[in-house]
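A quick write-up on the structure given underneath.
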Amino acid sequence: MDPKYQRVALNDGHFMPVLGFGSYAPPEVPRNRVVEVTKLAIEAGFRHIDSAYLYNNEEQVGLAIRSKIADGSVKREDIFYTSKLWCTFFRPQLVQPALESSLKKLQLDYVDLYLIHFPMALKPGETPLPKDENGKVMFDTVDLCAIWEAMEKCKDAGLAKSIGVSNFNRRQLEMILNKPGLKYKPVCNQVECHPYLNQSKLLDFCKSKDIVLVAHGSRTQRRQTMCKATGSLPKMPWVDQNSPALLEDPVLCALAKKHKRSPALIALRYQLQRGVVVLAKSYNEQRIRENVQVFEFQLTWEDMKVLDDLNRNFRYVAMDM
Ligand code: NAP
């Protein structure tokens with residue numbers, strides 16, 4: 001099946017491709033590699049590309065998209081591009097300028113989807129993780145509903161076709177859904193989701209509200225924690241080597257053997273069959289091409305049940321701070 005045509009209808013009438021290319025790579029990965037892999041992903045059949053202000057790669061992702069448009073491979077309307085509002089831009093007057101600054105880097109006229117990255121406000125400014133003189137992260141207090149109203153204005157201004165949230169729990173979603181005068185519902189909630197944290201309750205809730213659940217970290221292998229003291233972004237020293245390696249799970253490996261596919265592909269397929277849109281990051285050409293094969297096979301009802309039973313509510317991205 002051609003990955004280009006596998007899309008889900010959003011509650012605002014737009015469509016989102018069910019497989020997305022995750023573009024995040026740590027800062028040590030050279031930025032020109034971002035251009036190469038994003039072009040490879042489009043050539044392999046990805047039409048949904050996930051990025052964010054925080055990933056510091058929007059210039060390169062935009063360049064890759066525009067170059068695939070220029071060489072005639074795709075049109076702008078074929079691509080579904082997601083960006084995210086970082087937590088230092090949560091004051092309502094900062095929301096639209098933050099999106100405009102992403103668009104300037106991308107050199108695009110609009111994003112298909114703009115998400116509130118985390119339900120956690122940080123002190124406004126250009127420093128992604130502002131800290132005080134003791135090295136403690138500096139938070140801010142902003143009403144989620146006020147941020148949402150500013151997001152709605154971005155949609156009305158035509159800068160974002162759709163708007164949604166990320167890393168929200170049910171209570172935070174309800175704050176928005178129950179907001180007096182709500183103009184647009186979030187179209188999606190992008191959260192960590194994999195067989196060890198299958199988010200089944202949140203998924204049921206989202207489905208009941210016509211909100212799409214989007215899975216990030218669907219094949220994450222080792223726990224990453226933001227350092228509590230400094231609030232530093234995840235880097236190898238804080239990756240907990242004792243956390244369970246999902247892709248080595250014996251049940252996942254047995255299913256992989258049965259279907260003659262890799263455990264990584266089984267983990268992707270699991271999400272699609274439960275109605276979850278899934279992001280797949282890879283900076284490796286062979287694995288980028290492999291990941292679009294998720295449409296070439298099916299898991300049985302029994303396989304799905306076995307995968308459901310792997311849930312242990314284990315969070316790889318702990319966000320302890
Ligand atoms: P992922 O898709 O779960 O993949 C994890 C790792 O698996 C990758 O680093 C990749 O390494 C490897 N991999 C990929 N395909 C594979 C395959 N076929 N076989 C074996 N290994 C494979 O990655 P993720 O970055 O955690 O999540 C995906 C995307 O979600 C991110 O890139 C980002 O766009 C988004 N995200 C959002 C949030 C949020 O807060 N909203 C948080 C985290 C991530 P190689 O590159 O070496 O192939």
Side-chain angles (χ1 to χ4, degrees), residues 19-30 33-34 36-38 40-41 44 46 48-58 60-61 80-87 111 113-120 128 164-169 172 186 188-197 199 212-226 233-234 236 239 243 245-249 252-253 256 259 261-272 276-297 315-319 321:
L19 176 68
F21 178 67
S23 73
Y24 176 74
E28 53 271 24
V29 174
R33 187 74 191 127
V34 180
E36 290 166 10
V37 295
T38 308
L40 276 172
F46 282 92
H48 172 170
I49 298 165
D50 183 83
S51 185
Y53 167 87
L54 185 71
Y55 303 171
N56 194 26
N57 67 7
E58 292 197 290
Q60 292 77 23
V61 172
F80 187 98
Y81 176 79
T82 302
S83 183
K84 307 186 192 89
L85 175 73
W86 183 240
C87 313
V111 298
L113 179 62
Y114 201 44
L115 304 179
I116 299 179
H117 204 147
F118 282 98
M120 169 192 82
V165 298
S166 179
N167 301 303
F168 274 44
N169 62 26
Q172 291 151 345
C188 72
N189 185 20
Q190 185 185 120
V191 293
E192 179 180 339
C193 186
H194 43 74
Y196 287 166
L197 177 72
Q199 304 271 21
V212 171
L213 197 129
V214 179
H216 70 65
S218 61
R219 288 85 48 80
T220 314
Q221 298 235 45
R222 298 285 182 209
R223 178 171 237 163
Q224 302 186 343
T225 52
M226 284 220 186
L233 288 170
M236 288 312 284
V239 172
S243 55
L246 176 67
L247 298 185
E248 289 164 22
D249 184 281
L252 202 59
C253 291
H259 289 276
R261 305 282 173 173
S262 66
L265 222 51
I266 302 290
L268 286 185
R269 182 75 209 173
Y270 170 62
Q271 301 298 352
L272 294 187
V276 171
V277 169
V278 69
L279 301 177
K281 176 263 173 182
S282 180
Y283 268 47
N284 171 286
E285 179 167 359
Q286 198 188 331
R287 291 192 283 275
I288 290 172
R289 296 195 188 283
E290 184 194 344
N291 288 336
V292 295
Q293 293 170 9
V294 68
F295 298 106
E296 294 177 2
F297 70 104
R315 209 172 273 280
Y316 283 98
V317 184
M319 289 299 293
M321 71 175 196

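Note that the numbering runs from 1 along the sequence shown for the chain. When reading the values below, keep in mind they use all heavy atoms of this one structure, side chains included, and skip hydrogens, waters and symmetry mates. Order of appearance sets the numbers: ligands from 1, and atoms from 1 within every ligand.
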The single option from Ser218, Ser262, Pro263 passing side-chain contact (heavy atoms from CB on, under 4.5 Å) against Leu268: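 Testing Leu268 for a side-chain contact (heavy atoms from CB on, under 4.5 Å) against Ser218, Ser262, Pro263 leaves exactly one candidate, Ser218.
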Which of these, Leu113, Leu279, Leu213, sits in a side-chain contact (heavy atoms from CB on, under 4.5 Å) with Gln190? Leu279
Does ligand 1 have a heavy atom under 4.0 Å from the side chain of [X], from its backbone, from both, or from neither?
X: Ala280; answer: backbone
X: Ala52; answer: neither
X: Val191; answer: neither
X: Val317; answer: neither
X: Glu290; answer: side chain

Could you tell me whether [X] and ligand 1 have an N or O pair separated by under 3.5 Å?
X: Ser218; answer: yes
X: Ala264; answer: no
X: Arg287; answer: yes
X: Ser166; answer: yes

Considering all heavy atoms, the nearest His194-Tyr316 contact: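 Closest approach of His194 to Tyr316: NE2-CD1, 3.2 Å.
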Going by atom types only, do [X] and [Y] share a side-chain donor-acceptor pair under 3.5 Å?
X: Ser51; Y: Asn57; value: yes
X: Asp50; Y: His216; value: no
X: Tyr81; Y: Glu58; value: yes

By number and element, which atoms of ligand 1 are closer than 4.0 Å to a non-hydrogen atom of Asn167? 39 (C), 40 (O), 41 (N)
Close side-chain approach of Tyr283 and Ile288, heavy atoms under 4.5 Å: no
Best match, Pro263, Gly217, Cys193: closest heavy atom to atom 26 (O) of ligand 1: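 It is Gly217 that holds the nearest heavy atom.
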Judged on heavy-atom distance to atom 1 (P) of ligand 1, which of His194, Gln190, Arg219 sits nearest?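 Among His194, Gln190, Arg219, the closest heavy atom to atom 1 (P) of ligand 1 belongs to Arg219.
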